[in-house]
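One structure is given here, and the rest of the page talks about it.
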Amino acid sequence: SRFRYGALFWEPTGNVRGWVYGDQAQVEFTLRAAFRRDYDWGANFGERWAQTSSQHTQKTFYGNEYFYKEYITTNPGCDINAGANSEERALCFNCPTEVTGIDSTGIDATAVGCVNSKPFFDAAPNASVDLNVTLYDDVNNNGISGERFYIRFPPKKQDYPIEAEIVQCPDPFYCDILIQNEDGTWRDNREQTDLCSAYINNFDRDPNKCAPWAEVYGMYLGDDEGSSVEVEMSVTHVDHTGNPIVGNFLIGVGRFTHYYYENTATPYTAYFTGGDRIYECAEGVMDEYGRCLNDLDLMLNNNAEGRYRLESEVWIKSDIANRSPIISMIPILPVPRRQVPFERSKFQIAAYDPDGDTLRFRFGTTREMGGIMRSKSSAFPHNENDPPGPILPTVLKYGQFKCDTENKFYKKNQTCPTDRVPTRVPGVDEYSFDPDSGVPGLVEWTTHGYTYQWCPHKQDYCDDIRQGLYNMIVAVEDIPSNEVILQYTQEGVSPENAYMSKSIVDFMVYLYDAEPAPPLWSLKLSVAIVDGWGWSLDKLSEVLGSFRAEPDPR
């Protein structure tokens with residue numbers, strides 16, 4: 001569980017190149033994201049990390065050496081064919097014991113390669129008298145100032161030929177063995193499931209041999225060639241507050257460019273995707289089916305272990321200058337539950353349009369929320385026989401859910417769990433993003449004294465929404481001028497779809513009981529606050545330290 005927050009946006013660079021079939025214009029993307037700080041960087045998804053002692057030190061990337069076949073079989077005790085968790089295989093990698101004087105206590109040689117769970121980053125609070133020199137604090141008090149941390153996120157590729165692009169499936173559940181029809185019945189989809197399993201060797205780019213959503217990670221550019229790019233993210237802040245709920249994260253920014261054709265009939269959709277979202281369960285309270293026995297430890301109340309999909313639509317018109325909306329949020333935003341019935345907790349999505357276009361806000365669709373979640377065995381009943389019958393012992397994971405007897409999971413005539421579809425935060429739809437509120441992007445969340453059909457406590461009705469973490473996805477679209485809307489209408493585009501570009505922000509809110517509520521979070525969240533990472537996060541820690549969030553007794 002590593003992902004905390006992300007947003008993707010773009011702007012044209014002014015570079016244009018001509019092709020036989022038309023001109024292409026270059027855009028520069030900015031990916032802003034936050035992840036768990038003490039995650040095992042370099043252990044999964046082909047990711048690599050680099051730790052330097054200053055912004056001038058040369059970067060050397062480590063991580064996933066086994067995946068990249070960067071092992072040294074002549075090392076004493078090395079056995080590259082040993083088990084996936086063996087110490088013998090860990091001896092095949094030369095991991096840094098010290099990086100130019102940097103404390104390396106978080107760096108370990110593992111069976112997958114060199115893993116770092118203790119990134120260091122130092123901020124630059126003030127410029128020196130010489131404006132060409134920047135002074136840096138020693139934020140982590142290890143005796144070194146100006147440390148930098150970098151992460152590379154590669155995209156999922158085919159196995160053969162090397163570096164060939166994959167074809168991603170059009171639907172999150174496209175490869176399931178059973179597919180549910182509109183009338184509620186189920187149809188056998190085994191033929192497509194077999195085709196999906198061949199996506200890793202798809203030289204001819206057969207669209208039927210597509211990659212399941214659950215197995216795809218990285219940055220995809222949405223063009224006709226299925227292009228992808230490795231993103232190098234430079235960390236810009238590391239949270240050292242130690243707060244286990246709203247702290248323990250790092251924030252970074254990555255930039256890259258790509259060319260797109262101008263004047264296309266529809267926009268391109270670029271996206272950065274991966275998984276999993278938070279699912280924390282205290283040690284010793286998870287049963288054999290993967291269920292957390294104490295649901296208070298299920299830290300994310302919706303979309304736990306779901307996927308993320310940060311989308312940005314790119315639509316370039318040669319006669320219309322445009323840039324995408326820009327969004328910036330605190331990765332985990334504390335929101336107090338209102339203590340007066342029917343009063344709403346309020347906060348603002350910090351977004352603006354660099355061209356001055358009007359912005360339209362809405363909550364994300366199922367696709368924009370990541371499309372698919374890990375299925376929990378608590379979502380059954382799925383019995384071997386008609387109820388009451390034994391629940392088959394298996395831990396379910398998102399992806400190709402097998403409901404057939406051939407794979408010895410569930411009877412073919414049984415239905416599949418339906419909890420793999422991401423869900424919105426309850427209580428926000430009725431009043432949020434009201435254009436008459438006078439506050440663009442205002443979220444109004446009814447958290448107290450309201451009755452909901454949806455309830456995380458498995459009751460029929462709830463009066464209050466449970467405190468804790470919630471995942472929220474908001475799409476921001478820029479509305480062009482009336483002249484452009486008229487032009488789109490003449491081209492057959494309906495007015496409600498006449499927007500120039502779209503950006504997604506994916507973040508978390510922490511709902512807590514506090515009386516009285518800290519005043520900072522009941523106010524609008526301004527762009528100025530969000531951009532002041534250096535002091536606002538320290539202030540956040542100070543405010544959070546002034547109260548203690550008690551566990552929900554239910």
Side-chain angles (χ1 to χ4, degrees), residues 3-15 25-35 151 153 155 218-223 227-237 251-260 262 264 266-274 308-317 320-331 333 348-365 367-370 433 440-441 472-480 499-507 525-533:
F3 181 75
R4 298 294 186 264
Y5 147 84
L8 179 68
F9 36 92
W10 60 270
E11 64 178 345
T13 64
N15 296 329
Q26 187 186 62
V27 302
E28 181 181 60
F29 287 95
T30 298
L31 171 66
R32 184 178 296 160
F35 298 90
I151 308 168
F153 298 92
M219 182 69 219
Y220 296 87
L221 299 164
D223 58 13
S227 303
S228 61
V229 65
E230 180 178 74
V231 178
E232 181 175 313
M233 190 176 79
S234 175
V235 171
T236 58
H237 178 85
I251 301 168
V253 174
R255 292 184 173 89
F256 52 93
T257 60
H258 190 64
Y259 281 92
Y260 290 95
E262 297 177 324
T264 55
T266 57
Y268 298 100
T269 301
Y271 56 93
F272 181 70
T273 188
Y308 57 89
R309 182 181 169 99
L310 308 178
E311 292 187 357
S312 187
E313 289 190 351
V314 182
W315 204 354
I316 302 175
K317 300 289 185 178
I320 303 173
N322 189 60
R323 290 168 289 182
S324 73
I326 296 176
I327 318 169
S328 185
M329 292 292 293
I330 291 175
L333 177 65
Q348 185 183 16
I349 303 299
Y352 72 98
D353 188 86
D355 303 309
D357 295 333
T358 301
L359 295 181
R360 177 170 59 200
F361 297 79
R362 61 172 174 80
F363 292 108
T365 65
R367 293 175 67 93
E368 293 164 345
M369 286 190 284
F433 308 141
M472 185 172 291
I473 296 93
V474 175
V476 183
E477 301 163 344
D478 60 345
I479 309 301
Y499 60 89
M500 290 294 296
S501 60
K502 175 193 75 176
S503 296
I504 296 290
V505 62
D506 188 322
F507 64 104
L525 179 65
S526 68
V527 177
I529 291 177
V530 176
D531 283 346
W533 288 116

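FYI, side chains are in, hydrogens and waters are out, and symmetry mates aren't considered; it's all heavy atoms of this structure.
- D353 meets the salt bridge (charged side-chain N to carboxylate O under 4.0 Å, His left out) test with no other residue; sequence neighbours excluded.
- Note that the CZ atom of R255 and the OG1 atom of T30 stand 4.5 Å from one another [nearest 0.5 Å].
- Not less than 6.0 angstrom separates the ring centroid of F256 from the ring centroid of H258.
- Looking at P440 and Q348, their side chains come closer than 4.5 Å, going by heavy atoms from C-beta outward.
- Contact of the I316 side chain with the P12 side chain is not registered, since no non-hydrogen atoms from C-beta on lie closer than 4.5 Å.
- Once rounded to the nearest 0.5 Å, the distance linking NZ of K502 with CG of L359 reads 14.5 Å.
- Heavy-atom minimum distance, R323 versus D355: N-OD2, 2.6 Å.
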Exercise for the section: Start with the C-alpha distance between M329 and M472, add both sets of side-chain angles, then the distance that settles side chain to side chain contact (heavy atoms under 4.5 Å, CB included), and finish with yes or no. Expected result: CA-CA 11 Å; M329 292 292 293; M472 185 172 291; over 6 Å; no

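- Looking at every heavy atom in both residues, E313 comes nearest to T269 through CG-OG1, 3.8 Å.
- Heavy-atom minimum distance, I504 versus I327: C-CD1, 4.0 Å.
- The two residues P155 and M219 come nearest to each other via the heavy atoms CB-O, 4.1 Å.
- Across all their heavy atoms, S501 and W10 have their closest contact at CB-CZ2, 3.8 Å.
- Checked against ring-ring contact (aromatic ring centres under 6.0 Å, His included), F153 has the following partners two or more places apart in sequence or in another chain: F35, F272.
- Put simply, the side chain of E477 does not reach to within 4.5 Å of the side chain of P325, judged on heavy atoms.
- A 4.5 Å side-chain heavy-atom check between N322 and D357 finds at least one atom pair inside the cut-off.
- Residues T13 and Q26 have side chains that bring a donor and an acceptor to within less than 3.5 angstrom of each other.
- The line from OH of Y260 to OG of S227 is 8.0 Å long, rounded to the nearest 0.5 Å.
- Within the 4.5 Å cutoff, no side-chain heavy atoms of F29 are placed close to those of T257.
- Rounding to the nearest 0.5 angstrom, the gap separating the CZ atom in R309 from the OH atom in Y220 is 10.5 Å.
- Listed here is the closest heavy atom pair of S324 and P354: O-CD, 3.4 Å.
- Counting heavy atoms from C-beta on, the side chains of L310 and F3 come closer than 4.5 Å.
- Within the 4.5 Å cutoff, the side chain of M369 has no heavy atoms near those of the F363 side chain.
- Counting heavy atoms from C-beta outward, V505 and Y5 have side chains that approach closer than 4.5 Å.
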